[in-house]
Structure formats: C-alpha cells, structure tokens
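Here's the structure, in structure tokens; my notes come after.
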Amino acid sequence: MYHKVIEDIKRNLGENKDLNRKYLISQIEIYKTHEYSTEIIKEISRMIWECLTPEEQKEFARIVNEENPIKETLIEAEFYIQNNDYETALEKLDSFFKTHPKLYENDKINEYHSFSNPLEELIFNEFVGCEKKLRFIPEDQPLDDLYYAYGFLLRDASRLDEAESALKKALQINPVSTKIILELCDIYKMRTPTFNKFYFYTMDALKYAYSGYELARIYRNLGFYYYEENNIELTIACYMHSLKFENDPFVVQRIEQLENNYNIILTEEECQELMQDKHIKLGAHPFIIKNLEKLAIEYEQDKLLNQALFFYRLLYSVKKEDKTFNKIKQLDFQTRRNKRKI
C-alpha cells in the first residue's frame with residue numbers, strides 16, 4: 001500500500017525545512033506514475049505545506065486558487081520545441097508576452113529572483129547579491145525558463161534584438177545562469193561588429209559555471225574568440241583545455257588542423273601558462289567546488305540520495321576525482337536498491 005511509501009519519504013526528512021521542501025517536490029515527480037499517485041501526492045503536498053512559512057502559505061494559497069499561465073505556456077511551448085515545431089512554439093510565446101507584458105518586475109523595494117538549485121542561490125549571494133529586498137518567484141512560476149525559451153526561439157527566427165531583450169529579462173531573474181549567459185553569447189557571436197560582448201559574457205559564464213558541460217562550452221567560446229584575435233597559440237590552449245571537461249571529436253579535429261597549419265605544438269603546462277597570463281581560470285571557481293562538496297555531503301547525511309547524487313555528479317564533472325566517482329557508484333547502487341524495495 002501507499003502508506004509504506006509515505007513512511008519512507010518521512011524518514012528522509014531532516015530539520016532544515018528548505019531542504020525538506022525541495023526533497024518533497026522531487027518526490028512528487030518520482031511518484032506521479034505510481035498506482036497510488038493521487039494519495040501519495042496529496043500527502044506529500046500536505047507535508048510541503050507544513051514546510052512553508054505563514055507568508056509563503058498565504059502566497060501559495062493565492063497561486064493555487066488562480067490559473068498558472070506561465071507554467072502552462074512553458075509546457076505547451078516545450079512540447080512544440082521537442083517536436084521541432086519552432087514556429088508554433090514561437091507563436092504561442094509571442095501571444096503570451098503580448099497579453100502578459102509585466103510579470104514579477106522589480107520595484108523600488110523588491111528584487112524578484114529564481115534559481116534552479118541551492119548552489120545557484122549561494123553563487124548569487126557570493127558574486128552578485130541584492131541591492132533591494134530579495135523576493136523569490138514561486139517555484140511553480142518558471143518565468144526565467146519561459147524567457148529563456150522565448151529568447152532561444154527568437155534567435156532561431158533571426159529576431160536578434162528581441163532575442164537579446166528576452167534573454168536579458170531571464171538573466172535579470174537569474175543573474176548567475178550560465179545557460180542564459182551562453183545563449184546571449186551566441187547572439188553576440190552573430191550580430192556584433194566586434195566580439196567584445198561575446199568575450200565579456202563568456203568570462204561571466206566562466207565565473208559562475210558549475211558543470212563540466214558548461215566549462216567545455218566556455219573554453220570553446222574562448223578558443224573561437226582568440227582565433228578571431230589571431231592568437232593561435234591561445235586558441236589551441238583553450239580548445240585543448242575544453243577537452244578536460246568534454247571530449248568533443250570536432251574540437252580534437254580543429255586542434256589538429258591548427259597544429260598542422262601553424263606548426264604549433266603545445267604541452268599541457270604551456271597551455272595553462274598561456275591561459276593564466278590572460279587571467280583565464282583553469283576550472284570551476286574554488287567557492288563553487290567547495291559548495292558542491294558541501295551540498296553533496298549535506299544531502300547524503302540527510303538521506304536525500306537523489307539530491308546528493310545530483311551534486312556529486314556535478315562535482316565529478318568539474319573535478320575528475322576517483323573518490324567522487326566511487327561515491328557516485330555507491331549512491332547510485334543504493335538508490336536503485338531502495339527503489340526495488342518499493
């Protein structure tokens with residue numbers, strides 16, 4: 001019966017209400033196809049309610065009693081995007097933003113922000129911070145994702161000025177999102193007479209990046225930039241360094257072409273020296289690595305294994321250590337064993 005599932009979920013709850021809430025939200029996704037999904041989700045929702053402050057309960061109640069056009073529009077747009085019907089997806093978002101021009105706009109007192117995970121919030125507090133009172137956009141109102149999708153579709157339609165505007169609105173909501181910053185980089189790569197904005201936004205992304213995929217893409221961007229600057233040695237150095245985080249065969253081929261065409265062969269140490277001379281960090285920021293480790297350990301100690309795995313995998317992607325890889329294997333085995341017991 002579903003009662004055992006509820007008891008297992010309750011056993012994973014700790015003292016931190018914020019962590020509990022994020023864990024419970026993840027469990028809704030896991031059990032939405034369970035034969036007793038209605039009963040399980042109803043009980044999880046009750047536990048989420050208990051994790052909210054009185055102010056949050058009031059806001060939550062208001063949202064529940066209203067329609068959720070942001071989430072509904074995003075789901076609809078993503079359906080068309082996944083089916084490669086970008087034109088219809090763009091029509092849906094054009095229509096939405098014409099009828100909803102002002103959503104969670106900053107005012108004289110408040111700043112509205114939203115983050116994908118606790119690490120992004122820590123990065124924001126460390127590197128950006130608030131000038132006004134921080135107000136969180138409710139988790140079921142993914143406005144930054146909607147603006148991001150809109151920017152992506154506008155860029156694909158070559159409406160570049162509008163794409164830039166939409167992505168900057170997404171970035172205002174989540175200033176440390178490398179996904180959004182790198183999408184802006186693609187626009188500046190296409191539409192500016194110089195690549196200055198492309199470079200500066202790429203360096204911003206490097207400051208906030210916390211996954212190997214992001215780092216690889218950033219170093220490829222820098223490789224492109226320095227090629228346009230006719231600095232071939234630094235181009236090769238950046239491309240080679242990107243391979244530490246993602247083994248891209250096209251990058252390998254590009255490096256070989258440059259080495260042959262310009263008769264340049266660089267050691268790993270020479271690559272690092274060239275990059276450091278230009279003040280290019282050679283990986284994720286130490287603050288980010290420290291907090292990846294901290295979050296992974298805290299979630300593991302709280303028995304929130306899926307969340308722990310999420311951060312351990314990110315940690316391994318930016319810092320390829322055997323102990324982290326072994327920890328991932330251990331927790332992955334443990335979560336699969338726990339699922340078999342359900």
Side-chain angles (χ1 to χ4, degrees), residues 78 81-84 86 148-149 151-153 155-156 158 177-191 195 198-199 201-278 280-285 288-289 292 309-326 328-329 332:
E78 285 180 339
I81 291 170
Q82 288 167 6
N83 286 280
N84 295 315
Y86 290 4
Y148 172 80
F152 162 77
L153 291 166
R155 178 176 70 83
D156 183 74
S158 298
S177 170
T178 50
K179 177 178 75 171
I180 298 168
I181 295 170
L182 289 170
E183 192 69 23
L184 273 167
C185 287
D186 285 347
I187 290 174
Y188 297 135
K189 187 177 180 180
M190 296 167 65
R191 70 186 289 265
F195 292 105
F198 173 81
Y199 170 78
Y201 273 82
T202 296
M203 292 300 282
D204 269 351
L206 181 56
K207 187 193 305 182
Y208 307 138
Y210 57 83
S211 79
Y213 166 78
E214 293 170 342
L215 288 169
R217 187 174 169 187
I218 288 163
Y219 291 121
R220 290 196 295 267
N221 273 7
L222 290 171
F224 168 83
Y225 172 79
Y226 283 111
Y227 180 79
E228 294 297 320
E229 292 287 301
N230 202 33
N231 188 334
I232 305 304
E233 285 192 336
L234 199 49
T235 299
I236 293 172
C238 291
Y239 280 145
M240 286 184 65
H241 198 67
S242 76
L243 297 175
K244 285 181 169 289
F245 304 98
E246 187 175 65
N247 188 18
D248 186 327
F250 295 104
V251 174
V252 173
Q253 185 179 27
R254 182 65 175 143
I255 292 169
E256 290 174 353
Q257 288 174 343
L258 291 169
E259 287 175 338
N260 292 333
N261 291 345
Y262 292 92
N263 195 27
I264 296 173
I265 300 295
L266 299 173
T267 66
E268 183 177 343
E269 285 186 359
E270 288 171 333
C271 288
Q272 291 181 0
E273 287 174 5
L274 286 165
M275 294 171 72
Q276 287 172 330
D277 285 346
K278 288 289 185 178
I280 300 171
K281 292 198 303 293
L282 299 177
H285 194 284
I288 291 172
I289 292 175
L292 276 173
L309 269 170
F310 173 77
F311 287 107
Y312 275 123
R313 283 171 177 147
L314 286 172
L315 179 62
Y316 182 73
S317 75
V318 300
K319 194 179 179 185
K320 310 280 188 180
E321 290 187 337
D322 289 342
K323 67 175 183 179
T324 306
F325 181 72
N326 292 332
I328 291 168
K329 288 200 298 183
D332 190 47

Calculate, to the nearest 0.5 Å, the distance between atoms [atom1] and [atom2] belonging to [X] and [Y] respectively.
{"X": "N231", "Y": "C238", "atom1": "CG", "atom2": "SG", "value": "8.5 Å"}
{"X": "L206", "Y": "I181", "atom1": "CG", "atom2": "CD1", "value": "10.5 Å"}
{"X": "E246", "Y": "R220", "atom1": "CD", "atom2": "CZ", "value": "5.0 Å"}
{"X": "H285", "Y": "K207", "atom1": "NE2", "atom2": "NZ", "value": "8.5 Å"}
{"X": "I255", "Y": "I265", "atom1": "CD1", "atom2": "CD1", "value": "10.5 Å"}
{"X": "K329", "Y": "Y312", "atom1": "NZ", "atom2": "OH", "value": "15.5 Å"}

Item to check | F152 vs Y86, side-chain contact (heavy atoms from CB on, under 4.5 Å): CA-CA, chis, key distance, verdict | outcome: CA-CA 10 Å; F152 162 77; Y86 290 4; 3.7 Å; yes

Verify, without hydrogens or angle tests, whether [X] (side chain) and [Y] (backbone) share a donor-acceptor contact under 3.5 angstrom.
{"X": "E229", "Y": "Y225", "answer": "no"}
{"X": "N260", "Y": "E256", "answer": "yes"}
{"X": "D332", "Y": "I328", "answer": "no"}

Considering all heavy atoms of both residues, which atom of [X] and which atom of [Y] are nearest to each other, and what is their separation?
{"X": "V318", "Y": "A284", "result": "CB-CB, 4.2 Å"}
{"X": "R217", "Y": "E183", "result": "NH2-N, 4.3 Å"}
{"X": "A209", "Y": "I218", "result": "CB-CD1, 3.7 Å"}
{"X": "N221", "Y": "C185", "result": "ND2-CB, 3.9 Å"}
{"X": "A205", "Y": "T178", "result": "O-CG2, 3.3 Å"}
{"X": "L266", "Y": "C271", "result": "CB-SG, 3.8 Å"}

Taking atom [atom1] as the centre, does [X] end up with more than 12 heavy-atom neighbours from other residues, nucleotides or ligands that are less than 6.0 angstrom away?
{"X": "Q257", "atom1": "CD", "result": "yes"}
{"X": "N83", "atom1": "CG", "result": "yes"}
{"X": "N263", "atom1": "CG", "result": "no"}
{"X": "Y213", "atom1": "OH", "result": "no"}

Next on the checklist: Among residues at least two apart in sequence or on other chains, which ones pass side-chain contact (heavy atoms from CB on, under 4.5 Å) with Y262?
Outcome noted: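 So Y262 forms a side-chain contact (heavy atoms from CB on, under 4.5 Å) with Y227, I232, L258, I264.
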
How about [X] and [Y]: do any of their side-chain heavy atoms sit closer than 4.5 Å?
{"X": "M240", "Y": "E270", "answer": "no"}
{"X": "I289", "Y": "K319", "answer": "yes"}
{"X": "N247", "Y": "V252", "answer": "yes"}

Checklist entry - Hey, is E228 close enough to K189 for a salt bridge, meaning N to O under 4.0 Å? => result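 The answer is no: the pair does not qualify as a salt bridge.
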
Next on the checklist: Parallel, tilted or perpendicular: which one describes the rings of Y219 and H241, with boundaries at 30° and 60°?
Outcome noted: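 The rings of Y219 and H241 stand perpendicular, inter-plane angle above 60°.
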
Item to check | Geometric class of the F198/F224 ring pair [parallel <30°, tilted 30-60°, perpendicular >60°] | outcome: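 Judged by the thresholds at 30° and 60°, the geometry between F224 and F198 is perpendicular.
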
Checklist entry - Can you tell which of E233, M275, K278 makes a side-chain contact (heavy atoms from CB on, under 4.5 Å) with Y226? => result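 Single side-chain contact (heavy atoms from CB on, under 4.5 Å) partner of Y226 among E233, M275, K278: K278.
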
